[in-house]
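Whatever order the structure lists ligands and atoms in, that order sets their numbers, starting from 1.
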Amino acid sequence: MQSPDFSKAGPGALPPAGSGAGPGACLEIDLTAIAENWRLLGRLHAGTVGAAVKANAYGLGADRVAPALFEAGCRHFFVAYVGEALALRPLLPGAMIAVLNGLIPGTESHYATHDLTPTLGSLAEIDAWREAGGGPAILHIDTGMHRLGLEEADVGALAAAPERLAGIGVRYLMTHLVASENPRDPINRAQAERFAAACARLPAAARSIANSSGIFLGTEFASDLARPGAALYGINPRPGRPNPMRQVVRLRARVLSSRNIAAGERVGYNGIWTAMRASRIATVGIGYADGFARVQPGSPAAIFDGRAVPLVGRVSMDLTTFDATDHPGIVPGAWLDMIGLGRSVDDVAEAAGTNGYEVLTRLGARFARNYR
Ligand SMILES: *Cc1c(COP(=O)(O)O)cnc(C)c1O
């Protein structure tokens, strides 16, 4: 992984002005790194590369992330719901904004009015879109995920009655990979084959296959349009191998208080951690209400001055405690790196028993946010 290029200020420095004095934590989002990640994926993928910006751009702020990608040249955006698309429409003039989660009844009129592209995943949705007047759409084909998308029998029904697509401009035939982060999983190839077979039965159209990890699976998974999300935001698309993406997020939390406790004292709710020596405890302003996962005590959950600082006790709603005994620089007003320098989103995910996607999307709207 390339070294993160965040503020030149050393650990413990204050976040940039404008971040607000109140919050106990500060989220820095490197828009330049996001744009660079998008360009890197563009060099690796034979076809066009779009961007998944659903869930508020994986929690990082779609209103800033999507325009940064647009400025870098991205013209294809994917969100989950029409409300997310409506919010982005004025920011992305002329770009395709596709709604992944299907055509929810009652939302049809928004699509035509605001030039949004539905992703149709059932015969009922196809019929509803045609009856609403049709227009551009993506057809989603289920090749193994079994959540959304046309099943094999639906593809057969469409092939037998192509007039059901009358007035629908199929911009892409799309499928979504089940296990693209694991190149050894045979489902990848099976999905590519099922998708090719389904496409062969439908009217010719451009195709869209790969998510982030799919871009790294090889040319068989290249298509007219890739739909990466995670890798744009710095999550490793090749787990277990070096991360080719630039780190995007830096999350710092402020030390609010520090105290000395005697050996044998216990810290935090239910006293699940006991000091084995006289210890200095630093309390920082971040907790699970901020989306900081309740990692296990003893986990090296923060970095200060290049060194890991062990978390002690339970993560509580707005506060977390650290053993600062060996870190004399950790005093009230200092900042600990929770994600960023020396600690990637994937590291945090591993400590919390989840994946980088959940870590990012959980980071609440509560932080001061600084965009670079
Ligand atoms: C979320 C999503 C993506 C992006 O996946 P990443 O793994 O984040 O790159 C692509 N396609 C669909 C259908 C999705 O739901």
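Pairs passing the ring pair (Phe, Tyr, Trp, His ring centres under 6.0 Å) check and including a residue from residues 232-280, sequence neighbours excluded, read Tyr58-Tyr233.
Between the side chains of Ser223 and Ser208, no donor-acceptor pair of N or O atoms lies under 3.5 Å. Side-chain contact annotation: Arg238 with Ser213, donor-acceptor N/O pair under 3.5 Å absent.
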Could you list, one pair per line, each nitrogen or oxygen of ligand 1 together with any protein nitrogen or oxygen closer than 3.5 Å, giving atom names and the distance rounded to 0.1 Å?
residue, atom, partner, partner atom, Å
ligand 1, 7 (O), Asn211, ND2, 3.0
ligand 1, 7 (O), Tyr357, OH, 2.5
ligand 1, 8 (O), Tyr58, OH, 2.5
ligand 1, 8 (O), Ala230, N, 2.8
ligand 1, 9 (O), Ser212, N, 2.8
ligand 1, 9 (O), Ser212, OG, 2.5
ligand 1, 9 (O), Gly229, N, 2.8
ligand 1, 11 (N), His176, ND1, 3.4
ligand 1, 11 (N), Arg227, NE, 2.9
ligand 1, 11 (N), Arg227, NH2, 3.3
ligand 1, 15 (O), Lys54, NZ, 2.6

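Under the 6.0 Å distance and 45° angle rule, Arg75 counts as a cation-pi partner of Phe70.
Between Ala349 and Gly356 the shortest heavy-atom distance is CB-N, 3.5 Å.
With hydrophobic clusters built from ILVMFWY side chains whose heavy atoms lie under 4.5 angstrom apart, Leu251 shares a cluster with Phe304.
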